[in-house]
Amino acid sequence: MSTIRLTLPDGSVREAAAGITGGEVARDIGPGLARAAIAARVDGEVYDLDRPIETDAEFAILTEKDPEALTVLRHSTAHILATAVRELFPGAGIGFGPAIANGFYYDFEVPRPFTPDDLETLEDKMREVAARDDPFVREVVTRAEADDRFADDPLKLERIAEFAADEIISVYTDGPFTDLCRGPHMPGTGRLKHFKLLSTAGAYWRGNENRQMLQRIYGTAWFKKDDLEAHLHQLEEARKRDHRVLGKQLDLYSIQETVGPGLVFWHPKGAMIKFLLSRYVEDDNLACGYDLVYTPNITREELFKISGHLPLYEAVQYPPMAAGAGEAEEVRYRVKPMNCPMHALVYKSQQRSYRDLPLRLSEVANVYRDEKSGTLHGLLRVRGLCMDDAHIFCTLDQAEDEIFLCLDQVDRIIRQTFGFRLQFELSTRPEHRLGNDETWDKAEDILRQALGRKGIEFDEDVGGGAFYGPKIDIRFEDAIGRLWQGPTIQLDFQLPERLDLEYTGSDNQPHRPVMIHRAIYGTLERFIGNLIEHFAGAFPLWLAPEQVRVIPIADAQAEAARAVADRLKAAGIRVHLDDRGETLNYRIREAEVNKIPYMAIVGQREADAGTVAVRTRGAGKKQDIIPVEEFEAQLREQVASKALVPYGDTG
RNA sequence: GCCGGUGUAGCUCAGUGGUAGAGCACCUCACUCGUAAUGAGGUGGCCGUCGGUUCGAUCCCGACCACCGGCUCCA
């Protein structure tokens, strides 16, 4: 028998007989490690403890501390869920059951959907399975054996049929249940203690809406009870930040059944935020050399035929309306789902010279998309949306500078102003595409150059670009670590072609410009939804719909308080005077609950001294007693600099 | 669109086959207060919509509408 060399994380090398298992190595090292061991990492791949190691390798024992171990735990928990389902629902088809972020799911084909009661019963059954402490046993099987073992489960047979000829097929058994599975798994079911089933959902087999619908169960699992509880608490916290809950509490917006799903009513406070965001990006656009345009909301359908959107995009376009009363012939009109053809028509409205380029046209515009009903979600997925849209018309040679400018704007606005962390992804040519490879080479190169020049690290989604050009997608991460789809910057060769856009070059010949589509916020609806959750409703001063609430302690100071409010109002501060006959405590609480950045409290001492007692949102009793003019100056400064204070989770 | 769940006052929710309740909010009165809910009284609901079962439906059944959780992070 040959000897292999295992290099441990501390650099030491152990020699062992080929075929030794990770569990045996752990036992050799020490009983403590053997008890703690969950799996082994062999040359980067995670092995079960009882899987033989045949060659020299970098070797490590994984314990609860290793992130990979958590994945193993969750995957194994998914298996005991399947074990429980098979015991309670004999004959259930077994789909896929992977570990996912924070937990796992498993898909089943069962005669009737699971109920919330089923989840409790299944969870109890899972605890029984765990109590049995059955080992997870790995076997490698041939394709024929696999077909035989899973003969009664068509879902598994379908997967088996897809294995490449040389692929290793493994199965895992815990007690009565055997599953086709890549693994790895925990040593036994007894280690699975802190889990909870969370929800059920329908899920199409293999995510394909033309296939049958399976029943999915989601759950979470952790090594420690505290971790499980912390995670459940975190879910609760995220729920408190939910923009739909806060949007109602803070009276920012509503969506009303009488008008229709996905159509947003911005109430005064939400509308103020939308206005401030629009003004901010428009000011920034102007400073960056964009021109503003306003274009129609509806158009003859013909335009979308010419632009090529109609056949491709029709699923989300509202159906046409007939118009043209009194005219000889009725014409079909469409509400616009995007602005690009409109902006292209502005470009086309006159002859363009190379001296006009780049031409940057921007518009904060409403567009409408008939999104599938099941996908609508608060402000994050709507049917009537307001885009901060812009299109840059330029030569291919100018494109790099223009992209650079876009990246600069994204960085300034999304990262610096709002405090989001950014992630970039470059999507390159897809299989089905327009234009020759030479142009694609150049276009992709342009995007890479611009990213590089800005010093941005990025991932590549090979083949993920649009058929008309490559793009940069930007995701941003909010205050509690969630990722959101953010701005996109796309190069487009097709639309200039389809709309026959031209400019006259210095050679006095006609040339085709390229178009760059870009949005900074994306849509105001989604972005405001993100901001609500990011700030937990506690907006920074410059964005807060109400910035200061002035509160006289008693009626005797009402006039002095009014004078303070008037003064701040004259300084452009959004201020509200709360001189109602409620108790001081009541009014302070209400301002706090409404997440007003500052309270300016005026008692007799302040009225006499020309000061205010400033109470900052979330700071409790701590207050600053300062002259009114000093308060005003501070407010002005914070608004002007768009300071991210005061904000925080005020609970 | 598809699967499941839910729909009762402005909000959060309880409840029953015999035409409905709480807290908060709102209104009135009293209190004029030094940093997170003063007290008392009062207004307010076609129990999502339409149909069916029933002597009788908010409750049971069906359809529709809306909302909520999901619909590959691949064995």
Side-chain angles (χ1 to χ4, degrees), chain A residues 71 74-75 78-79 94-107 110 112-116 118-119 146 150 153 155-163 167-172 179-183 198-218 239 242 244-245 248-249 251 254-258 260-262 315 370-378 551-558 579-594 599 601-606 613-615 617-623 625 650-651:
Chain A
T71 303
R74 288 169 179 161
H75 190 184
H79 270 239
I94 306 290
F96 294 168
I100 56 174
N102 295 322
F104 60 90
Y105 68 77
Y106 219 119
D107 289 342
V110 281
R112 68 160 177 86
F114 299 113
T115 65
D118 290 336
L119 288 193
F150 298 99
D153 199 332
L155 303 181
K156 292 292 176 190
L157 290 177
E158 181 177 330
R159 180 65 187 91
I160 292 164
E162 290 170 6
F163 281 114
E167 219 164 332
I168 293 171
I169 302 177
S170 56
V171 302
Y172 281 79
D179 197 3
L180 178 73
C181 179
R182 183 178 48 192
L198 296 174
S199 59
T200 63
Y204 295 107
W205 172 230
R206 320 212 77 168
N208 181 344
E209 61 187 340
N210 299 315
R211 303 295 302 270
Q212 73 267 41
M213 182 158 275
L214 307 182
Q215 296 303 318
R216 174 169 298 180
I217 295 175
Y218 281 95
R239 215 179 55 77
D242 189 317
R244 293 164 302 181
V245 175
K248 191 172 276 179
Q249 266 169 24
D251 193 23
S254 62
I255 293 174
Q256 303 191 26
E257 196 170 337
T258 5
D370 189 19
E371 300 284 355
K372 286 197 278 186
S373 63
T375 63
L376 300 177
H377 183 91
I551 302 176
I553 287 178
D555 283 352
Q557 298 93 41
D579 58 357
R580 292 175 302 169
E582 302 290 349
T583 61
L584 179 63
N585 277 340
Y586 182 91
R587 288 175 292 158
I588 286 174
R589 179 171 194 280
E590 195 172 86
E592 203 68 71
V593 166
N594 284 303
M599 283 174 247
I601 296 170
V602 181
Q604 199 53 51
R605 292 199 294 273
E606 288 77 20
V614 177
R615 182 178 162 133
R617 176 181 61 202
K621 286 185 198 299
K622 184 172 169 296
Q623 63 175 351
I625 296 172
T650 59

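In the text below, chain A, chain B and the rest are named by the order of the sequence lines, each starting its count at 1.
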For this session: Send over the distance from A:Q249 CD to B:A25 C1', rounded to a whole Å.
Result: 13 Å
Exercise. With a 4.0 Å cut-off on heavy atoms, is A:D555 in touch with a base, just the backbone sugar-phosphate, or nothing at all?
Worked result: base
Nucleotide N/O to protein N/O under 3.5 Å, stretch nucleotides 59-65 of chain B:
residue : atom : partner : partner atom : Å
B:C65   : O2'  : A:E257  : OE2          : 2.9

Problem set entry | Heavy-atom pair of closest approach, residues A:M599 and A:I588 | CE-O, 3.7 Å
Exercise. Hey, does A:A613 reach any base, or is it just sugar-phosphate, or nothing, if we go heavy atoms under 4.0 Å?
Worked result: base
Problem set entry | Any residue meeting ring pair (Phe, Tyr, Trp, His ring centres under 6.0 Å) with A:Y105, in chain and number order, not counting sequence neighbours | A:Y218
Exercise. Are A:Y586 and B:A25 close enough that a side-chain N or O sits under 4.0 Å from OP1 or OP2?
Worked result: yes
Exercise. Can you list the residues that meet the ring pair (Phe, Tyr, Trp, His ring centres under 6.0 Å) rule with A:Y204, with sequence neighbours excluded?
Worked result: none
For this session: Nearest-nucleotide wise, let me know which of A:E590 and A:F114 is further upstream toward the 5' end of RNA chain B.
Result: A:F114
For this session: Just do the side-chain contact (heavy atoms from CB on, under 4.5 Å) check on A:Q557 and A:D579 with the steps written out, would you?
Result: CA-CA 9 Å; A:Q557 298 93 41; A:D579 58 357; over 6 Å; no
Exercise. Does a distance-only test, which skips hydrogens and angles, find a donor-acceptor pair under 3.5 Å between the side chain of A:Q623 and the base of B:G34?
Worked result: no
Problem set entry | Residue mapping more 5' on RNA chain B - nearest nucleotide basis, A:T115 or A:R587 | A:T115
For this session: Report the C-alpha separation of A:I94 and A:L155 in whole Å, then their side-chain angles, then the decisive distance to 0.1 Å, and conclude whether the side-chain contact (heavy atoms from CB on, under 4.5 Å) test is met.
Result: CA-CA 7 Å; A:I94 306 290; A:L155 303 181; 5.9 Å; no
Exercise. Which residues pass the ring pair (Phe, Tyr, Trp, His ring centres under 6.0 Å) test with A:F150, sequence neighbours left out?
Worked result: none
Problem set entry | Steps toward side-chain contact (heavy atoms from CB on, under 4.5 Å) verdict (A:E162, A:R159) | CA-CA 5 Å; A:E162 290 170 6; A:R159 180 65 187 91; 3.6 Å; yes
Exercise. When every nucleotide of nucleotides 68-75 of chain B is labelled 5' to 3' by its protein contacts under 4.0 Å (heavy atoms), B for base, S for sugar-phosphate only, - for none, what sequence of letters results?
Worked result: SBBBBBBB
For this session: Walk me through it: do A:R615 and A:E592 pass the test side-chain contact (heavy atoms from CB on, under 4.5 Å)?
Result: CA-CA 10 Å; A:R615 182 178 162 133; A:E592 203 68 71; 3.4 Å; yes
Problem set entry | Bracket string, RNA chain B, 5' to 3' - pairs by Watson-Crick or G-U geometry under 3.5 Å, | interstrand | (((((((..((((....[..)))).(((((.......))))).....(((((..]....))))))))))))....
Problem set entry | A:R587 side chain to A:I553 backbone, donor-acceptor under 3.5 Å | yes
For this session: Classify the nucleic acid contact of A:K372 as base, sugar-phosphate or nothing, counting any heavy atom under 4.0 Å across all strands shown.
Result: base
Problem set entry | Whole-Å distance separating the CD atom of A:E582 from the P atom of B:A36 | 16 Å
Exercise. Rounded to whole angstrom units, what separation is found between the CG atom of A:L119 and the P atom of B:G4?
Worked result: 15 Å
